[in-house]
Structure formats: C-alpha cells, structure tokens
Protein chains: 2
Amino acid sequence: MRHHIVRHAGSSRSAVHLSEYASRIRTLARDVSRATVSYAFSRPDQLSDALRQRIMEVADELGYAGPNPTARSLRLGRAGALGLIFSETLAYAFADPYAVGFFQGLATAAEDAGVGLLILPLPHGDRRSETVRDAVVDAFCVMSLPDGHPALAEVFARRLPVVVVDEPYVPGHPFVGIDEPAAGAAAARHLLELGHRRLGVAMVGLHEDGHTGWSDRARQESATFEAMRARRGGYQRACEEAGLDWAGVPFYEVARNSREAGRKAGHALLGREPRPTAILTNTDVLALGVLDAAADLGLAVPADLSVVGFSDSAAEEAGLTTVRQAKQEIGEKAGRLLLSGGVAKPERLLFPHELIVRSSTAPPS
Amino acid sequence: MRHHIVRHAGSSRSAVHLSEYASRIRTLARDVSRATVSYAFSRPDQLSDALRQRIMEVADELGYAGPNPTARSLRLGRAGALGLIFSETLAYAFADPYAVGFFQGLATAAEDAGVGLLILPLPHGDRRSETVRDAVVDAFCVMSLPDGHPALAEVFARRLPVVVVDEPYVPGHPFVGIDEPAAGAAAARHLLELGHRRLGVAMVGLHEDGHTGWSDRARQESATFEAMRARRGGYQRACEEAGLDWAGVPFYEVARNSREAGRKAGHALLGREPRPTAILTNTDVLALGVLDAAADLGLAVPADLSVVGFSDSAAEEAGLTTVRQAKQEIGEKAGRLLLSGGVAKPERLLFPHELIVRSSTAPPS
DNA sequence: TTGTAAGCGTTATCAG
DNA sequence: CTGATAACGCTTACAA
C-alpha cells in the first residue's frame, strides 16, 4: 500500500534520466528469467515470496512500470474494453439526456464486467475515420447511426461482436431498442383520444442535412434515421386510424435537439392558422422548448395547448406527458449481451415503452 | 464504399466456417510478402493499385478483418486512447451535471486529436482494480479522487502523462481546477453582503463514509475530498471575515448529490430555531433540493430564504444564484495538455470562477 | 520453484 | 515496388 507520494520520492533519485525507465520485463530479468518476472507480476503464487520481493525491488529501482498492457492484451487476446460508437459529436451526445441515460446503463454493464468503456469519436465531416479500425476493444456497441453510415460497415469489418441500439436494425445482427411505430402511435393516440383534432408535430434527428423548417411528406418518409422515421410512422398511423388526414398536420423539423430549437419549432407551429391544440415532439428537450414558446405567446398548458414529449428523459420536473423509454435498461442489456460470452443468437430485442401522462396534456377547450 | 450488407452477403459463402477467418497478415501473404500486405492496408501508396486490389480481394475471401489493432498498437507504441478515471460509479458520474459538462470538454479534446476516451470503472468496494493496470491508453486524466485513493498510485505507477482535475492536487504534477477557497468565499460573501447573518450549509462529497446528517467542525476539516474541503474553508473564511462565528453555522452533510438529498438537508436546516435566512450548497443539484424543501414549508424564495448553488450546471432554469465553474473548458484543457505532446512543465492551472446572481438570493426580510 | 523457447500479429529496416 | 529478418513486450507450456 504505497502512497504515490512515497513512490514518487523513492524514484526521484533517477528522475534525471526520465527516458531511462526500464520498459521491458527482460531488463528486470538479470539473475532470474523473463518468465519468473512475469510470474512475479501476474501470478504471485507461482514463486517464493522472497524472490517476488526481490524482483519488485529491482523493478522499483529501475522504474519498471509493470507489464505493458498492450503486449499483455495482444498475448491474452482480450482488450478489456467495450467500444461505443455514436453518430454525434461526443459533446453533443453528453448533452442529450436520453443518450446519457443509455450511457449509464451501458457503463453499469461494463463496470460489472470490469472492462472499460471506450467512447469513439466519429469525425462528423468528410474525414475518414480510422477510429473504428484502430480501436482496441473486445466488442462494439453502435448507437443511433443513420442508414448506410460508413462506420457501420467498418464496425462489421472488425468481425467482433456488435449490438446495434435504436438504429439502424440490421437483420441477422443483435439489436436492442423499442417498438418505435407502436410508441409513436401511443403518443399520438393519447392526444387523439383526448379529443384533439388540430395536431402539430416537431421532430429532430430525421435527416443529417441540418435542415430546420417545414417538412413535407417526402422528406418525412425519406428520413435517414430509421428509428425516428418509424416513430413518425406511428404518429401518422394513429392519426389515420382516428380519421385524421395526415396531410393536414403541420410538421416542423429541427436540426438540433435543444430547447432553443424546440422553442423555434413551437413558434412556427403555434403561428399556424388555425392554431394547433396539441403538439407532438420526439424528444423531451424539444417539448420543453415548445412549452417555452407557449409561454412566450401567453398560452396556458394544458388549457390552450397540449404537449407530448418522448423518452421521459427530462420530463418529470416540467410535468410533461411523455413516452417512457427504458434507456438505462436498454444500455445495460446491450452491454450484457456484448460482455457475457458474446452474442449467441442474433436477437431483435424490443423493450417496452410506456405512456406517462402528466400535466402537459388535457382535452382541448 | 461497400455497404455492410453487401459485404456481409459477399462473405456469407464461407459463413459456415466462422472460426476459420484469417486473422494473421501472414495468411494473406501467399504469393507476396508480409510487408507487402501490411503496406496494402496501412500505406496504400507504397504499392501498385493492382496488387493492392488483389490483396484486398484475398483478404475479403479469407475473411481477414484487417491489421490487428492491438498488435499495431504494440508495434507503434501508441494506444490511441485517453484514460479517464473517476471516483464514482459510472452511472453516478453520468448523472452528475458537473461531471457531464467536464466530460464534454474532455471528449471534445479527444475528438479533435482523433483518439478515443476510455472510461475506466473503479470498483467502489474492496475489490482491487486491475482496470488501471491493464488500460491500453496513452495518458490518464484523473478526476475528483479522494485523498490517498489507491487508484492514484496505480495511475502514477504507469508512468504515463497524467493530469489531475479538481482533486487531489499532487505537487509536481499537472493539475487543472479552480481556486476553491476563493470560489467558496465568493458564494458566502455574496450572502453576507446581502445582509444575511443566519446561514446554513449543505454539502455533499466531503467524505466517503456515506454519512448523512449534521457535521461537526472535526468532520468538516477532515473531509477526504480536497476540493470540497477547500471550498468549505472558503465559506468559513468569508464568514469569519464578516465577523460571523462559524461554530454557529449549522452544517448538514449528505452522501449523494441528488435533489432528494438536498431536500432532506433543506428540511434539516430549515427546521432549526432560529431558522436560517440563507443556505449555501456546494452543488446546484443540492440547491434545487433545498428549494424543494422551502416549497414544502411554504417559504418564499428569495423573500424568506436565499439559496446559493455551485458550478452553474443545473441552475439556470431554476433561477438559482451560483458560482460558475468553467467545466467544459477545464475538461478541454485537461485533454489538450494530455494530447498535445504530453505535459511539459507540471502546472497548476486554476480556471476563473464567477458568481452568477439570479433570483434565488436577496437581502433577508 | 525456476528456466527455455515458441509464439501473439504487426511494422521498420534495409537489402534487392 | 518487394522480401527477409528483427524487433515490440508479453505469456505459457513444458522441461529441468
């Protein structure tokens, strides 16, 4: 139980020759063999205490940092890490409550298995990513990639266990997510059953082109993010089942999942004539922004306007009606699939969703 | 630009012999040499297109996944990853807005450098951590570890570049954080200057013993988390400079940084006779909980009670007065120090803090 | 207990 | 442009 200060002081004698630290196990093996030194570190019970002691002393003296993890990894054939790939900038990912919830679950699984979580940046622009190719990991978890994103091919090329979360579903490969059409429909149906007939929709994450503005049918249906596309399909289906013409539902698309973007969408939608009595959003953050817009306009929620979010990731405080998505469980499950002996039979696991009704929705007045 | 589906289909012919994928570059080197194959992958411009093409074909046919990243790492002497060590459970870390803000900054730096961010779990219980020893990384960022935590020694033992963030400061090693005593004093002074004389304090993250309850002077001063200890010292100094006896300031300590814990602390403090007119907390989340407690008791904020948070990580929405800590910048700086050519001269970098006055503080009435 | 030797899969060097 | 050879640093039968 050496304290770092002590250790630091202890080796300060040779601190002048910083570059001369012994790095090879070989160097320690002066009057013993390489194998013995290896045992001293990795299998202490395979040699006498005295010898081990002596070896450790020499190690300290020479400034040996212990067995090189990379070499060890190579030899042992395991990396001790789980790779996580995400379509967005990492900074963006960490700002998204849903993603963070998912990370929590995944991290829990990694933690339990004693492996690290290697978060891999995916150069967003044109620059080719060597990240996936070079990642020292035992498996990959891919989250929320747009259809045909090159990183997906790169991941599969590594021939390691892979689990895809949320999107895109690749038949024959493990997948964890929710039943998007059903979840979307549940959100829409809730409003329809309350009696709303003038709906508006605000969605983020459909396309990668950074477009913010009205979205026509063609754009909606050609969204490159499968899960969001499917969720929207659920909205539409519920409307049509209720006899509502989807063509009459104003649809606003934003490029970033931020409160500000939600507010902008809210203003656009609420500026329509006739004004919608209810707005569907595909994230809680967006919904919060819509609430801001309503406040700006002096509209009372839910009296004048009903708002539904999605994911239950930032909804509780604001009393937002939303569809709960078991984000933590999804992350944890994905992790366990990857870490507990690999992915046996490719499954398409759909976690349950749940409509949570709070105070942001009510019948139209 | 092969799509994964195509590639998958393409190799399905040999999908029966899953275990027979070629894994060594050697196997591809049938009528060419190993070096040539290596070049085909890592230095495409060093050989004819035709040959490269042929090699790639053979690779595809044999199911060769490309150069083994671990072996590559070993040979090249670089891991392509930055290790991050955090004292808490990962799930807990991701739930903490300050930590997440810091992660964002660090991740941005990692992203720019094209390296991954390896988040290392630190078994919280007794179980020894092999995580640090085995991590395949080029450098370590250590965040918020309690004094003398064994992981710190393990990190230094790796003899890789290390930057410590927030705590504990190790003289002679790079450090990034804020001037805690000054920041704490600024928060307290704000209340004192408003005219408050009956203060209460709620803090989290002082000790690791899970204690929730009143905290006496001895406990306060022996806190094992240096930054929080220093921050508290700032509170005390400001009070004493204002002629307030610190012994008369009720001090409540909680074990978890949650809104619920803050509410509990709030109730404890507000139940005192005479009731404090202002409460200092060392996180925004805690402060939010104190606001909840005030609401429970029907106290108006700031009329009946002033509350100050810390970090400006969850304060804006609630109109909370707080001390802004440049969490993103801190993370980014730590990352850049580690990634841009290592850490030259050990520095102790203190980022500026800033008192942000919002609507949760006012003179006592 | 300890030592020997054969890999793990790559890339750099340096000759052709 | 290609090919042999020597590292990179470690682990682990197997033999002593």
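Every chain is numbered from 1, with letters handed out A, B, ... down the list of sequences.
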Pairs under 3.5 Å (N/O, protein and nucleotides 13-16 of chain C):
none

Using the side chain to side chain donor-acceptor pair (under 3.5 Å) criterion, which residues pair with [X]? Sequence neighbours excluded.
X	answer
A:E332	A:R336
A:R348	none
A:N68	none
A:T36	A:S33

Going by side chain to side chain contact (heavy atoms under 4.5 Å, CB included), name the residues that satisfy it together with [X], two or more places apart in sequence or in a different chain.
X	answer
B:A65	A:R159
A:A59	A:L28, A:F41, A:Y64
B:R52	B:A40, B:P44, B:L47, B:M56

Nucleotide [N], atom [atom2] - distance to [atom1] of [X] in whole Å:
X	N	atom1	atom2	answer
B:R52	D:dT2	CZ	C1'	17 Å
B:L28	D:dG3	CG	P	14 Å
A:I55	C:dT1	CD1	P	13 Å
A:R78	C:dC8	CZ	P	19 Å
A:L47	D:dT12	CG	P	15 Å

> Is a side-chain donor or acceptor of A:T108 paired with a backbone partner of A:Q104 at a separation under 3.5 angstrom?
Replying inline: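 Yes, because the side chain of A:T108 sits within donor-acceptor range (under 3.5 Å) of the backbone of A:Q104.
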> Looking only at atom types and distance, does a side-chain atom of B:S87 sit under 3.5 Å from a main-chain N or O of B:S144, one as donor and one as acceptor?
Replying inline: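 Checking the backbone N and O of B:S144 against the side chain of B:S87, a donor-acceptor pair under 3.5 Å is found.
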Could you go through nucleotides 6-9 of chain D and list every protein N or O atom that sits under 3.5 Å from one of its N or O atoms, giving the distance for each pair?
{"residue": "D:dA7", "atom": "N3", "partner": "B:R75", "partner atom": "NH1", "Å": "3.2"}

Distance below 4.0 Å between [X] side-chain N/O and [N] OP1 or OP2:
X	N	result
A:R43	D:dT12	yes
B:T36	D:dT2	no
B:S38	C:dT11	yes

> To the nearest 10 degrees, what angle separates the axes at the start and end of the helix from C:dT1-D:dA16 to C:dG16-D:dC1, five pairs each?
Replying inline: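 Terminal axis comparison yields 30°.
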> Which is true for B:S42 with a 4.0 Å heavy-atom rule: it touches a base, it touches only sugar-phosphate, or it touches nothing?
Replying inline: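 Counting heavy atoms under 4.0 Å across all strands, the contact made by B:S42 is with sugar-phosphate only.
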> By ring-ring contact (aromatic ring centres under 6.0 Å, His included), which residues pair with B:F175, not counting sequence neighbours?
Replying inline: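 Once residues adjacent in sequence are excluded, the partners of B:F175 under the ring-ring contact (aromatic ring centres under 6.0 Å, His included) criterion are B:Y169.
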Scan the side chains in residues 76-84 of chain B for donor-acceptor partners under 3.5 Å anywhere in the protein, sequence neighbours excluded, and list what turns up.
none

